[in-house]
**Q** 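Structure incoming, see below.
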Amino acid sequence: MLKLSCNAVDRVQLMAQCGFMGRPSSFFSGRNSVTGFRSTKVCSVQAVVSSKDGAVVNRVEPEIGSLADRLRLGSLTEDGLSYKEKFIVRSYEVGINKTATVETIANLLQEVGCNHAQSVGFSTDGFATTPTMRKLHLIWVTARMHIEVYKYPAWGDVVELETWCQAEGRAGTRRDFIIKDYATNEVIGRATSKWVMMNQDTRRLQKVSDEVREEYLVFCPRELRLAIPEEDSNCLKKIPKLKDPAQNSRLGLVPRRADLDMNQHVNNVTYIGWVLESVPQEIIDSHELQSITLDYRRECQQNDIVDSLTSVETIEEAEVIPELKGTNGSAKAKDDKQECQQFLHLLRLSTEGLEINRGRTEWRKKAPR
């Protein structure tokens, strides 16, 4: 009989699952705790393995952390101020081109953000609620989301997402993301989002108190770090209200029960699908989504009926939001503007006509097959 540590067994099993042998060391390096953080250090636990066929006969699991914590391919970075996690693109997460959909990308952003919050000890019954927030029945809700995708991962690819939080004025917090192809270490996407606090009982927005701010700022970078710093990025531009009648529309969209999240409103990723419903089919056929920006203005409930409106926007019309400008970080070159199409979007309640969401999308020509 051969004795191996749980790290060695996990290494064989997880590399077999991922289907590659490159860059294995970062998967299984020790997770050392950082002062002020819940320890996520991997314990060396003995597992009895048959020397004949390699099957695990008996295994003792560590007592600290949940089963999900031990199997998840993510951990805090060495300084404890950001979180990285790896994901395999599944068959049910790709579209007709066998590449991940933008909804898949958005879901992974949400997942890595929630896992980051759990890794520092925040609540699992809401999106990153601190102890004070839970006591006062406060939750985080999305105010703005911007996603840029330079290259869509394919079915079976492994992507690594890094995320971190920062303060955003007195009314909210900012969460940024970098997406890499794990096999090549190439940056294939970036995202940034703004979140505001809402009272779960009254559904009214509330300023972030000093007490709440102190609870989460200890886990944030000491200096401003922006995933998308370039001044010409669409993440910095205001989204004007779309004029009615729109050039394209899809009316009468109804939320499914599965669209509701743990905060009892339609999940922010659902809005992306609704926005794309009214994009002209010829654009879907000839272009791929390069960036999407959404301003969330109103909650959508299960019984609401939604209209999706879309019109072309000339690129020169967009106006920069000064307070969102950044200076640090690397930038990704954009495609030739002549090859891009840009659209404005509006989601509204069908009955009252009230705004739910404003959006902007930018599309690049698909590469020839």
Side-chain angles (χ1 to χ4, degrees), residues 4-34 36-45 47 56 59-93 100 103-130 140 153 155-165 175-183 185 188-189 191 193 216 219 261-262 267 269:
L4 295 176
S5 70
C6 65
N7 287 348
V9 175
D10 287 344
R11 182 177 304 186
V12 174
Q13 292 175 337
L14 290 173
M15 282 197 287
Q17 177 197 25
C18 292
F20 65 92
M21 298 296 288
R23 301 176 61 216
S25 58
S26 59
F27 258 103
F28 309 102
S29 57
R31 301 177 183 178
N32 296 322
S33 61
V34 180
F37 291 81
R38 176 173 62 84
S39 174
T40 56
K41 185 177 178 66
V42 176
C43 298
S44 180
V45 180
V56 175
R59 179 169 177 170
V60 181
E61 295 287 352
E63 295 180 356
I64 59 173
S66 67
L67 178 61
D69 290 334
R70 300 195 296 273
L71 296 180
R72 187 175 287 133
L73 298 180
S75 64
L76 293 167
T77 54
E78 187 175 350
D79 61 7
L81 301 179
S82 69
Y83 176 89
K84 292 183 178 181
E85 186 167 353
K86 302 160 192 69
F87 300 91
I88 304 170
V89 178
R90 310 292 185 177
S91 61
Y92 52 81
E93 295 174 323
E103 291 98 324
T104 292
I105 300 295
N107 277 319
L108 292 180
L109 298 178
Q110 182 170 280
E111 177 69 9
V112 76
C114 289
N115 292 345
H116 178 205
Q118 289 189 36
S119 73
V120 299
F122 288 163
S123 172
T124 60
D125 60 359
F127 293 121
T129 52
T130 70
W140 293 112
W155 175 20
D157 284 353
V158 179
V159 294
E160 181 180 69
L161 278 70
E162 181 182 9
T163 185
W164 62 93
C165 266
R175 179 174 284 280
D176 282 33
F177 308 84
I178 293 178
I179 310 167
K180 290 185 177 181
D181 182 324
Y182 184 70
N185 206 36
I188 60 173
S193 58
Y216 76 83
F219 305 115
D261 62 22
M262 63 182 79
N267 187 277
V269 179

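For the numbers below, each heavy atom of this structure counts, side chains included, while hydrogens, waters and symmetry mates do not.
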**Q** Nearest heavy-atom pair of Thr104 and Glu93: which atoms, and what distance?
**A** OG1-O, 2.7 Å
**Q** When Lys86 is tested against each of Leu161, Val159, Val158 for side-chain contact (heavy atoms from CB on, under 4.5 Å), which residue passes?
**A** Val158
**Q** If I compare all heavy atoms of Cys165 with all of Arg175, which pair ends up nearest, and what's the gap?
**A** SG-NH2, 3.2 Å
**Q** So, for Ser82 and Trp164, which heavy atoms are closest and what is the spacing to 0.1 Å?
**A** CB-CB, 3.8 Å
**Q** Using side-chain heavy atoms (C-beta onward) and a distance below 4.5 Å, is Thr163 in contact with Leu109?
**A** no
**Q** Given side chains that start at C-beta, do those of His116 and Leu76 come closer than 4.5 Å, heavy atoms only?
**A** yes
**Q** Take Asp261 and Gln110 through the side-chain hydrogen bond (donor to acceptor under 3.5 Å, both in side chains) test and state the conclusion after the steps.
**A** CA-CA 12 Å; Asp261 62 22; Gln110 182 170 280; over 6 Å; no
**Q** What is the minimum heavy-atom distance between Phe122 and Thr130, and which atoms define it?
**A** CZ-CG2, 3.8 Å
**Q** Please report the closest heavy-atom contact between Leu81 and Thr77, naming both atoms and the distance.
**A** N-OG1, 3.9 Å
**Q** List the residues meeting side-chain contact (heavy atoms from CB on, under 4.5 Å) with Asn115, not counting sequence neighbours, and say none if there are none.
**A** Arg72, Tyr83, Glu85, Glu111, Gln118
**Q** Which heavy atom in Phe177 sits nearest to a heavy atom in Ser193, and how many Å separate them?
**A** CE1-OG, 3.8 Å
**Q** Quick one, Ile88 and Tyr182 - any side-chain contact, counting heavy atoms below 4.5 Å?
**A** no
**Q** List in chain and number order the residues that pass ring pair (Phe, Tyr, Trp, His ring centres under 6.0 Å) with Tyr216, two or more places apart in sequence or in another chain; answer none if no residue qualifies.
**A** Trp140
**Q** Checking Glu162 now: which residues fulfil salt bridge (charged side-chain N to carboxylate O under 4.0 Å, His left out) with it, not counting sequence neighbours?
**A** Arg225
